[in-house]
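In listed order, ligands and their atoms are each counted from 1.
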Amino acid sequence: MNGTMGGVAAEPWTLREVEAAARARLDPVHYDYFAGGAGDEVTVRANEAAFARLGLLPRVLRGAGPADPAITLLGRPAALPVVIAPTAFHRLADPEGERATARAAAAAGTVMIVSMASTVAVEDVAAAAPGARLWFQLYLQPDADFTVRLARRAARAGCEALVVTADSPVFGRRERDLRNGFHDLPGHLRCENLRDDPGEGPGEGTGGERDDDRGGPVRPIVMDPRLSWADLDRLRAATGLPIVLKGVTHPADARLALEHGVAAIMVSNHGGRQLDTVPAAIDLLPDVAAATGGAVPVLLDGGVRRGTDVLKALALGATAVAVGRPVLWGLAAGGEAGVARVLALLRAEVEQALTLCGCASPAGLTPDLVRRTC
Ligand SMILES: Cc1cc2nc3c(=O)[nH]c(=O)nc-3n(C[C@H](O)[C@H](O)[C@H](O)COP(=O)(O)O)c2cc1C
Ligand SMILES: CCCCC(=O)C(=O)O
């Protein structure tokens with residue numbers, strides 16, 4: 001980044017400062033949509049607070065040398081053990097939206113999970129960031145044929161994996177949004193992956209602000225409590241892409257996920273936006289990791305704001321973590337450069353903390369390096 005971030009005078013040195021810069025720029029209604037959670041937001045707070053209750057016990061004089069945070073994820077390298085969680089509606093934060101996020105992910109050498117509810121079509125996200133590693137998140141739809149068409153569309157666009165979000169049989173009750181009357185995107189934005197029959201190119205027949213309209217009617221995203229493991233099986237049978245199951249919290253579901261052939265599991269309470277009072281993601285991780293017994297990679301999201309948070313998750317069994325809100329804050333504060341800043345800060349913090357723990361790489365992190373402090 002060169003000096004300032006989209007007009008923000010001082011360069012932020014922490015993710016919290018990035019959030020403050022974003023908050024100053026965002027419509028308060030959109031800030032609330034990004035920041036908020038379900039019910040009393042007990043889980044939103046717990047995700048971050050739980051990391052603070054865990055301490056790190058560094059090992060000394062190991063002669064580990066400089067740390068390299070690179071990892072392997074679904075058989076391919078990632079430059080750092082932090083990926084971008086799927087979040088909806090990036091064009092609420094920045095006109096370039098998901099394009100900017102993908103470019104920053106590609107430059108940092110990490111994976112972006114593109115949301116089904118992205119405001120740029122997955123093909124256009126891929127085209128904007130050649131070389132980006134993209135995974136595609138979806139909610140299983142009651143129209144199974146549409147789910148399969150969407151999965152194939154993502155595969156054709158170059159996505160390497162499908163992230164199926166399983167924690168949303170119904171939409172969470174977000175009281176900030178209810179109070180603010182936020183229930184839809186502004187008129188010029190759409191969920192561009194939800195078109196039944198998308199055209200070939202964006203921006204047809206518009207002037208002024210870029211319009212990503214690919215034509216064709218936009219379907220609503222349906223959250224359906226009747227969906228089950230059988231629907232996941234149908235999707236798996238219909239696509240060659242590995243499936244990452246997102247939203248696993250119960251160890252029994254982790255075991256079932258293995259039986260149903262998933263390639264990876266994401267421990268997630270959806271950033272506290274679905275069922276309130278689910279325990280903090282980091283506190284759920286050890287039991288899920290034990291249930292999978294190393295058979296598949298386990299990822300975690302929820303409350304990761306520091307490099308030390310990343311280390312704690314990796315030490316307790318995660319292969320990588322994902323960040324949701326911090327990326328939106330970067331995007332709102334400074335577009336692509338803002339997201340790049342968020343990823344660069346996390347990378348620097350992870351490198352520093354690995355070295356201070358006596359580890360040359362994430363592989364050196366073991367559960368004995370983490371101690372519950374209260
Ligand atoms: C504004 C916002 C939109 C989100 N949209 C999606 C989505 O479309 N699909 C999904 O699976 N998860 C979605 N999530 C959840 C994130 O993927 C992730 O689980 C959560 O944000 C992680 O917590 P963190 O924000 O504390 O990092 C969203 C989260 C936020 C904050
Ligand atoms: C309909 C889009 C769903 C986005 C989402 O998952 C969230 O806001 O948490």
Just to be sure I read this right, does ligand 1 sit under 4.0 Å from the backbone of [X], its side chain, both, or neither, counting only heavy atoms?
X    : result
T165 : side chain
Q137 : side chain
K246 : side chain

| For ligand 2, is Q274 a contact, meaning one of its heavy atoms is under 4.0 Å away? |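 False for this residue.
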| field | Donor + acceptor pair across side chains of T249, N269 (<3.5 Å) | value |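 No, no side-chain donor-acceptor contact under 3.5 Å.
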| With E41, which of R273, R174, R176 fulfils salt bridge (charged side-chain N to carboxylate O under 4.0 Å, His left out)? | R176
Nearest option to [atom], as decided by whichever heavy atom of [options] sits closest:
atom                   : options               : answer
atom 1 (C) of ligand 1 : R305, R273, M266      : R273
atom 8 (O) of ligand 1 : G324, A35, S115, A117 : S115
atom 6 (C) of ligand 1 : P86, G272, S168, G247 : P86

Could you check [atom] against the protein and tell me its nearest heavy-atom contact, residue, atom and distance included?
atom                   : answer
atom 7 (C) of ligand 2 : R174 NH1, 3.4 Å
atom 1 (C) of ligand 2 : I221 CD1, 3.8 Å
atom 2 (C) of ligand 2 : A117 CB, 3.7 Å

| request: Check each atom of ligand 2 against the heavy atoms of Y33 and keep those under 4.0 Å away; list them by number with element. | output: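 Listed by number with element, the hits are 4 (C), 7 (C), 8 (O).
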| request: Within a distance under 4.0 Å of any heavy atom of A88, pick out the atoms of ligand 2 and give their elements. | output: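 Once the distances to A88 are compared, the set is 4 (C).
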| said: What I want to find out is whether R234 reaches D231 closely enough, with some N-O distance under 4.0 Å, to be called a salt bridge. | reply: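 Yes.
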| Is D143 salt-bridged to R219, going by a charged N under 4.0 Å from an acidic O? |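 Looking at R219 together with D143, the answer is yes, because their closest N to O distance falls below 4.0 Å.
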| message | Below the 3.5 angstrom mark, is there an N/O of L328, backbone or side chain, next to an N/O of ligand 1? | response | no
| message | Does R341 qualify as a cation-pi partner of W13, given the criterion of NZ or CZ under 6.0 Å from the six-membered ring centre and within 45 degrees of its axis? | response |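 Geometry flag: set, cation within 6.0 Å and 45°.
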| query | Does even one non-hydrogen atom of Y139 get within less than 4.0 Å of ligand 1? | reply |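 The answer is yes, since Y139 has a heavy atom less than 4.0 Å from ligand 1.
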| task | Using the six-membered ring wherever Trp is involved, compare the ring planes of W229 and H260 and label them parallel, tilted or perpendicular (cut-offs 30° and 60°). | result | parallel
Would you mind writing out the side-chain donor-acceptor pairs for residues 346-362 within the sub-3.5 Å range, not counting sequence neighbours?
| from | atom 1 | to | atom 2 | distance (Å) |
| --- | --- | --- | --- | --- |
| R347 | NE | E351 | OE2 | 2.9 |
| R347 | NH1 | A79 | O | 3.1 |
| R347 | NH2 | E351 | OE2 | 3.0 |
| E349 | OE1 | G307 | N | 2.7 |
| E349 | OE2 | R306 | NH1 | 2.9 |
| T355 | OG1 | E351 | O | 2.8 |
| S361 | OG | A363 | N | 3.2 |

| query | Is the backbone N or O of D196 less than 3.5 Å from a side-chain atom of R149, with the two atoms forming a donor-acceptor pair by type? | reply | no
